[in-house]
Number of protein chains: 2
Amino acid sequence: MRYSRDNMAGLLRSHDINPTHQRIEIAYALFSRMEHLSADQVMALVNVHHSETSKATVYNTLSLFLQKGLIREVIVDPNKVFYDPNTRPHHHLYDVESGHLTDVDAEDIHISGLPPLPEGAALEGIDLIVRIRKAG
Amino acid sequence: MRYSRDNMAGLLRSHDINPTHQRIEIAYALFSRMEHLSADQVMALVNVHHSETSKATVYNTLSLFLQKGLIREVIVDPNKVFYDPNTRPHHHLYDVESGHLTDVDAEDIHISGLPPLPEGAALEGIDLIVRIRKAG
DNA sequence: CTAGAGTTTGGACTTTGTCTAATTCGAGAT
DNA sequence: ATCTCGAATTAGACAAAGTCCAAACTCTAG
Ligand SMILES: [Mn+2]
Ligand SMILES: [Mn+2]
Ligand SMILES: [Zn+2]
Ligand SMILES: [Zn+2]
């Protein structure tokens with residue numbers, strides 16, 4: 001499925017998000033590239049031509065998308081969060097040198113031997129991160 | 001193995017770290033508790049009675065311990081890094097509500113189906129994080 | 001047009017962490 | 001015991017990522 005700016009309003013509505021100009025631009029930055037982006041990168045992409053959004057709106061909007069299940073958060077770098085337009089179950093390959101993140105489909109991976117969850121705990125998710133370093 | 005303050009100098013020397021008062025106190029904060037602590041928590045613990053170390057020294061020392069393989073870094077929270085005195089291969093159970101981290105021995109866990117590493121890449125490590133939420 | 005809810009905004013603020021120049025420490029030499 | 005000098009520590013300025021808020025703007029229904 002290919003995303004264009006025209007898709008965005010529908011995509012947002014389907015997640016119960018009122019599509020505004022800023023929200024469409026922010027969604028388009030993520031979904032047209034299908035890449036893992038930091039808040040800073042999203043803002044830079046949306047504002048390349050002329051200023052179209054503010055820092056506060058970028059953070060507000062990414063939090064809203066997250067809460068509505070439109071995107072995911074990836075925590076691999078101590079300095080910044082990455083936002084992930086891919087919400088299918090998947091894991092990550094992280095190049096600690098370049099900061100580049102690659103998806104690894106969860107269907108290909110099997111994890112066994114996990115301990116039983118503590119009494120009354122609900123599973124939020126399982127994050128598997130393969131950290132690599134490109135030998136240079 | 002139980003750790004006392006007297007062990008610390010030897011532990012540091014065995015990792016090629018010159019044992020100073022501050023380094024001993026910082027190591028003791030981690031190894032006497034065997035808990036995952038943030039830099040702030042380490043500093044608070046060392047300075048409970050009277051001021052014994054500075055922020056700069058805490059960060060310098062934790063980086064040194066890390067580099068010398070005495071401790072590990074755990075990246076699960078977007079806000080802060082946790083330092084882990086347990087360097088045996090293990091994974092983590094993370095309670096996203098309370099921020100509490102629990103170790104899961106790597107020997108009990110089997111992961112299969114990982115993709116081959118990209119050409120010329122070296123494995124840095126595999127981090128598995130089970131995120132839970134205590135229903136309440 | 002007007003009202004009100006929802007959205008966006010600049011900028012002050014916070015937190016976590018880095019950096020540096022100056023000072024202090026301490027083990028070995030005298 | 002004192003001196004010396006590299007190693008370690010420090011205060012505090014700085015930076016990056018993120019939060020918060022009150023004011024302003026926008027959009028739609030009446
Ligand atoms: Mn535009
Ligand atoms: Mn003391
Ligand atoms: Zn991803
Ligand atoms: Zn651990």
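- B/Asn18 has a side-chain polar atom (N or O) that falls below the 4.0 Å cut-off from OP1 or OP2 of D/dA8.
- Note on A/Tyr59: every side-chain N or O is 4.0 Å or more away from OP1 and OP2 of D/dT19.
- If you find the closest nucleotide of DNA chain D to B/Thr61 and to A/Lys80, the one lying nearer the 5' end belongs to B/Thr61.
- Transitive grouping of hydrophobic side chains (ILVMFWY, heavy atoms separated by less than 4.5 Å) keeps B/Val74 and A/Ile126 in distinct clusters.
- For the OP1/OP2 pair of C/dT9 and a distance below 4.0 Å, the side-chain nitrogens and oxygens of A/Ser54 include at least one atom meeting the criterion.
- As rounded to whole Å, 12 Å separates atom P of D/dT9 from atom CD of B/Glu52.
- For the pair A/Asn47 and A/Thr53, the minimum side-chain heavy-atom distance is below 4.5 Å.
- Note: CD1 (A/Ile75) to C1' (D/dG18) measures 13 Å, nearest angstrom.
- Salt bridge present: A/Arg133 and B/Glu124 bring a charged side-chain N and a carboxylate O closer than 4.0 Å.
- Side-chain N/O atoms of B/Thr57 include none lying less than 4.0 angstrom from OP1 or OP2 on D/dA8.
- Note on B/Ser38: nothing from the nucleic acid sits closer than 4.0 angstrom, heavy atoms only.
- The side chain of B/Gln22 contributes an N or O atom lying less than 4.0 Å from OP1 or OP2 of D/dT10.
- If you measure from atom CG of B/Asp77 to atom P of C/dT15, you get 14 Å, rounded to the nearest angstrom.
- Residue A/Asn60 is in base contact, counting any heavy-atom pair closer than 4.0 Å across all strands shown.
- Distances shorter than 4.0 Å separate some side-chain N or O of B/Thr20 from OP1 or OP2 on D/dT9.
- Taking atom CD1 on A/Ile26 and atom C1' on C/dT9, their separation rounds to 13 Å, with Å as the unit.
- Heavy-atom distances to DNA chain C give each of A/Ser51 and B/Ala56 a nearest nucleotide, and the one nearer the 5′ end belongs to A/Ser51.
- Here the side chains of A/Phe65 and A/Ile26 are in contact, with some heavy-atom distance below 4.5 Å.
- Map B/Lys55 and B/Asn79 each onto its nearest nucleotide of DNA chain D; the residue landing nearer the 5' end is B/Lys55.
- One interatomic measurement links the two molecules: CE of A/Met43 to P of D/dT19, which rounds to 14 Å at whole-angstrom precision.
- Side chain to side chain, B/His36 and B/Asp103 meet the donor-acceptor criterion of an N or O pair below 3.5 Å.
- Atom P of nucleotide D/dA17 and atom CD of A/Glu73 are separated by 15 Å, given to the nearest angstrom.
- Atom CZ of B/Arg23 and atom C1' of D/dT10 are 14 Å apart (whole Å).
- Atom NZ of A/Lys68 is separated from atom P of C/dG6 by 12 Å (rounded to the nearest Å).
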